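Worth saying up front: this structure is predicted, and the values here are computed from it rather than measured. Keep in mind that the numbers below use all heavy atoms, side chains included, and drop hydrogens, waters and symmetry copies.
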Amino acid sequence: MKLEGTVAIVTGGGSGLGAATARRLAAAGARVAILDLDGVAAAKVADDIDGFAAQCDIADASGAALAIAKAKEALGSPRILASVAGIGTAKRILGREGPHPLEDFARVVRVNLIGSFNMLRLAAAEMATLEPLEDGERGVIVQTASVAAFDGQVGQAGYAASKGGVVSMTLPAARELAQFGIRVLTLAPGLFLTPLVAELPESVQNSLAASIPFPKRLGNPTEFADLLLSCITNRALNGEVIRIDGALRLPPR
C-alpha cells in the first residue's frame, strides 16, 4: 500500500513507539490520526506533524468508535491502523503481600488485549467499505505484542498473557479479514529506549542493553516505526508475528 495521502490511525501515538510511528508515517506522506489516553500528549504530536488527535480509551467500545468517527471526519476513511497503545505490569502470582491482585491482571488484559481487539474490529469495519486498491487491498492493521509473549519473565504473567493473546489472534484475524482485502500483522518488540526506560538510571539502561546479543544497545523507536512501515508497504506480509529484538531471549528473571 502506498502511504502518500493515505489515512492512518495510530493508537498510543502520544509517546514512545507510537509517537515515532506517527511521525514516520507522516514523513512518508500519510495523514495521521493519533489516539491516546493522554489527549494532551496526542495533541502535541499531532501539532508537530499536522495531524489529528483524539483522547481515547482503546478498550472502551463507544469511546473508541467515537474517536475513529472524529478521525474519519477530520482526515477521511482510514486504510491503516497502527495499534501501538499498551501498558505494563510487574507483579508475582504469589508475592510478599499475597496473591496477584486480580484487578491488576484484568487491567493489563483489558488494555493490551481487549483494547487491541476493539480497535481491530472497528478499523476493519471501516476499511471493508472502501474501494479496493492494487491486488484488492483495502487496509492494513499492524498490532503490537512483545517478546514477553514468548519469553515471559517472573512477575510478567499478566503482561505476557495479554501480549500472548495479541500474538494468537493475528493469524485467525488475517485469515478472516483476507476476504475483505485487509492484512493483519503483529510486531513483537524487545527492549527499546522509550520514555519510561529513559527515566531509569544509566547503569540500569546499560545492564538491559548488555543482555541484547546485537546490536548491543536498546532499540531506537524509529527502528520499530521503520519495520511497521515495511509491513504496510509490502503486500506479501500477512498473518505474521515479527520479533524486533536484536536476537534477545529474556531470561527467567
Exercise for the section: Check whether any side-chain heavy atom of Thr222 lies under 4.5 Å from a side-chain heavy atom of Arg24, and answer yes or no. Expected result: no
Exercise for the section: Measure the shortest side-chain to side-chain distance between Leu35 and Met119 over non-hydrogen atoms and say whether it is less than 4.5 angstrom. Expected result: yes
Problem - Beyond-backbone contact of Leu17 with Thr194, side-chain heavy atoms, under 4.5 angstrom - result: yes
Problem - Spatial distance of atom CD1 (Ile34) from atom OG1 (Thr11) [nearest 0.5 Å] - result: 11.0 Å
Practice task
Inspect the surroundings of CZ in Arg175 and state if more than 12 heavy atoms from other residues, nucleotides or ligands are less than 6.0 Å away.
Solution key: no
Problem - Over all atoms of both residues, closest heavy-atom pair of Val167 and Ala149 - result: CG2-CB, 3.8 Å
Fill in the blank from the handout: For Ile49 and Ala22, the nearest pair of non-hydrogen atoms, with its separation, is CD1-O, 3.8 Å
Exercise for the section: Work out which heavy atom in Gly246 is nearest to a heavy atom in Ile212; give both atom names and the distance. Expected result: O-CG2, 3.7 Å
Practice task
Enter the distance from Leu248:CG to Asp151:CG here, rounded to the nearest 0.5 Å.
Solution key: 7.0 Å
Practice task
May I ask you to test the Ile232-Leu25 pair for a side-chain heavy-atom distance under 4.5 Å?
Solution key: yes
Using atom types as modelled, flag every donor-acceptor pair under 3.5 Å from a side chain in residues 77-100 to any protein atom, sequence neighbours excluded.
{"unit_1": "Arg79", "atom_1": "NH1", "unit_2": "Glu131", "atom_2": "O", "d": "3.1"}
{"unit_1": "Arg79", "atom_1": "NH1", "unit_2": "Arg138", "atom_2": "O", "d": "3.1"}
{"unit_1": "Arg79", "atom_1": "NH2", "unit_2": "Glu131", "atom_2": "O", "d": "2.8"}

Problem - Glu73 CD: over 12 foreign heavy atoms closer than 6.0 Å - result: no
Problem - Arg107 atom CZ: more than 12 heavy-atom contacts under 6.0 Å - result: no
Handout entry: Pairwise distance CG(Asp48) to CZ(Arg23) - rounded to 0.5 angstrom
Key = 4.5 Å
Handout entry: Minimum heavy-atom distance between Met169 and Phe117, given as atom pair plus value
Key = CE-N, 3.8 Å
Handout entry: Cys56 side, atom SG; Leu66 side, atom CG - distance, nearest 0.5 Å
Key = 8.5 Å
Completion exercise
Between Phe192 and the options Asn220, Val197, Ile244, the side-chain contact (heavy atoms from CB on, under 4.5 Å) test singles out Ile244
Handout entry: Heavy-atom check, side chain of Ile141 versus side chain of Met127, under 4.5 Å
Key = yes
Problem - NZ/NE/NH1/NH2 to OD/OE distance under 4.0 Å, Arg183 and Asp135 - result: no
Problem - Verdict with supporting geometry, Lys44 and Asp36, salt bridge (charged side-chain N to carboxylate O under 4.0 Å, His left out) - result: CA-CA 11 Å; Lys44 183 179 185 305; Asp36 201 294; over 6 Å; no
Practice task
May I ask you to test the Asn118-Ile58 pair for a side-chain heavy-atom distance under 4.5 Å?
Solution key: no
Practice task
Report yes if some heavy atom in the side chain of Asp245 is under 4.5 Å from a heavy atom in the side chain of Leu191; otherwise report no.
Solution key: no
Completion exercise
d(Thr129 OG1, Phe180 CZ) to nearest 0.5 Å is 11.0 Å
Problem - Heavy-atom neighbours of Lys2 NZ exceed 12 at 6.0 Å - result: no
Problem - Exceeds 12 heavy-atom contacts within 6.0 angstrom, atom CG of Asp47 - result: yes
Handout entry: 4.5 Å side-chain heavy-atom contact, Thr21 and Val142
Key = no
